[in-house]
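In what follows, chains carry the letters A, B, and so on, assigned in the order in which the sequence lines appear, proteins first and then strands, with residues in each chain numbered from 1. Predicted model, so just to flag it, every value in this text is computed and none were measured.
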Protein chains: 2
Amino acid sequence: MKKAIILSYSKEAEIFKALSHPTRLFIVHKLKEKDICVCELTAMIGDDISTVSKHLSVLKTAGIADSTRKKNQIIYRLKMRCVIDMSLCINRKRKAAL
Amino acid sequence: MKKAIILSYSKEAEIFKALSHPTRLFIVHKLKEKDICVCELTAMIGDDISTVSKHLSVLKTAGIADSTRKKNQIIYRLKMRCVIDMSLCINRKRKAAL
DNA sequence: TGGCTATTTGGTAAAATAGCCAATATGAAG
DNA sequence: CTTCATATTGGCTATTTTACCAAATAGCCA
């Protein structure tokens with residue numbers, strides 16, 4: 001059984017895990033500009049729509065995005081906008097490292 | 001073959017992935033206070049030293065930590081300190097959600 | 001209602017990750 | 001040089017993740 005002090009980081013880890021896939025990061029960066037439906041994201045990404053849907057589900061479960069229905073489309077929205085700051089932080093570091 | 005625009009997020013994704021494990025987050029939060037050797041981290045975590053060493057290797061490869069030798073210990077240091085800001089951002093959100 | 005569009009869910013195979021033990025390195029100290 | 005302490009690497013298995021296809025679901029509209 002894992003120590004409680006370690007387990008206390010599980011929720012935070014889940015959020016980082018949701019951001020740990022290139023496709024999901026791409027989605028986050030698109031959503032920072034505007035709300036987008038699954039179909040449009042799928043067209044941009046080029047994966048099967050079921051794959052994209054599952055990525056979106058991961059982001060939603062982690063609390064990073066949420067969704068609403070509009071006619072027969074599901075529109076996703078970036079809920080945790082501070083992930084953009086994380087991105088900036090990382091890329092600032094990456095450029096500084098050159 | 002994945003689209004280039006998606007692949008361009010791979011490096012950023014790697015950093016988030018490195019932070020996506022409770023044990024590694026624990027390590028990061030300890031390292032923000034002071035530099036620590038593998039043996040001390042291992043004692044705090046309770047996993048096999050080889051497991052801890054591999055976690056540290058992930059953090060190092062991602063550019064989040066680095067290490068120096070001191071006598072026969074390897075001392076790890078938090079290199080990308082802005083991951084602390086990410087943590088704050090996430091936990092601020094989490095508390096706001098209650 | 002029935003068909004249409006958009007999305008999610010289930011199933012599955014391949015790949016990646018985690019964690020343990022054993023084996024190997026690497027420097028320290030006698 | 002030998003032994004000790006510290007850390008890393010290799011090998012293995014169990015678990016998780018990813019991505020596809022097929023099937024099911026949900027709302028819209030004739």
Looking only at D:dT8, D:dT18, C:dA6, the nucleotide nearest the A:His21 side chain is D:dT18

Which residue is it: B:Val28, B:Leu31, B:Leu56? I am looking for the one with a side-chain contact (heavy atoms from CB on, under 4.5 Å) to B:Ile64.
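By the side-chain contact (heavy atoms from CB on, under 4.5 Å) criterion, B:Ile64 pairs with just one of B:Val28, B:Leu31, B:Leu56: B:Val28.
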
- [ ] Answer yes or no: is there an ion pair linking B:Lys11 with B:Glu14, defined by an N-O contact shorter than 4.0 Å?
- [x]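 A salt bridge links B:Lys11 with B:Glu14.
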
Without swapping roles, check the side chain of A:Ser53 against the backbone of A:Ser50 for a donor-acceptor pair under 3.5 Å.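 The answer is no, because no donor-acceptor pair under 3.5 Å joins these two groups.
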
Without swapping roles, check the side chain of B:Thr42 against the backbone of B:Val38 for a donor-acceptor pair under 3.5 Å. yes

Nearest whole angstrom, please: distance from the [atom2] of [N] to the [atom1] of [X].
X	N	atom1	atom2	result
B:Ile75	D:dT6	CD1	C1'	11 Å
A:Ile36	C:dA6	CD1	C1'	16 Å
B:Gln73	D:dC4	CD	C1'	14 Å
A:Leu41	D:dA19	CG	P	15 Å
B:Leu59	D:dT8	CG	P	12 Å
A:Arg24	D:dT18	CZ	C1'	9 Å
A:Leu56	C:dT9	CG	C1'	14 Å

Exercise for the section: Tell me whether the OP1 or OP2 atom of C:dT8 has a side-chain N or O from A:Tyr76 closer than 4.0 Å. Expected result: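 For C:dT8, OP1/OP2 do have a side-chain N/O of A:Tyr76 under 4.0 Å.
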
(Q) For D:dA19 and A:His55 - does any side-chain N or O of the residue sit under 4.0 Å from the phosphate oxygens OP1/OP2? (A) yes

For B:Lys17, which contact category applies under a 4.0 Å heavy-atom criterion: base, sugar-phosphate, or nothing?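 The answer is sugar-phosphate, as B:Lys17 gets under 4.0 Å only of primed atoms, P, OP1 or OP2.
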
Exercise. Across the strands shown, which category fits A:Ile49 at heavy-atom distances under 4.0 angstrom: base, sugar-phosphate, nothing?
Worked result: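 The residue A:Ile49 makes base contact.
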
Under a 4.0 Å heavy-atom criterion, the protein footprint on nucleotides 20-30 of chain D, written with B, S and -, is BBB----BSS-

Test of understanding: with ring-ring contact (aromatic ring centres under 6.0 Å, His included), list the residues that count as partners of B:Tyr9, not counting sequence neighbours.
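Counting only residues at least two positions away or on another chain, B:Tyr9 forms a ring-ring contact (aromatic ring centres under 6.0 Å, His included) with A:His29.
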
_Closest-nucleotide ordering on DNA chain D, the 5'-leading residue of A:Thr23 and B:Cys39_ =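 Nearer the 5' end of the strand: B:Cys39.
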
(request) Apply side-chain contact (heavy atoms from CB on, under 4.5 Å) to the pair A:Val83 and A:Leu78, showing each step before the final yes or no. (result) CA-CA 9 Å; A:Val83 299; A:Leu78 183 60; 4.2 Å; yes

NZ (B:Lys32) with more than 12 external heavy atoms under 6.0 Å: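 Above 12, so yes.
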
Note, DNA chain D 5' to 3' with Watson-Crick or G-U pairs under 3.5 Å encoded as ( ), [ ], | and . gives ||||||||||||||||||||||||||||||

State plainly whether one hydrophobic cluster holds both B:Met86 and A:Val58, where clusters connect Ile, Leu, Val, Met, Phe, Trp and Tyr through side-chain heavy atoms under 4.5 angstrom apart.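 Looking at the clustering, A:Val58 is in a separate group from B:Met86.
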
Determine whether B:Arg77 and B:Thr68 make a side-chain contact, defined as any pair of heavy atoms from C-beta on separated by less than 4.5 Å.
no

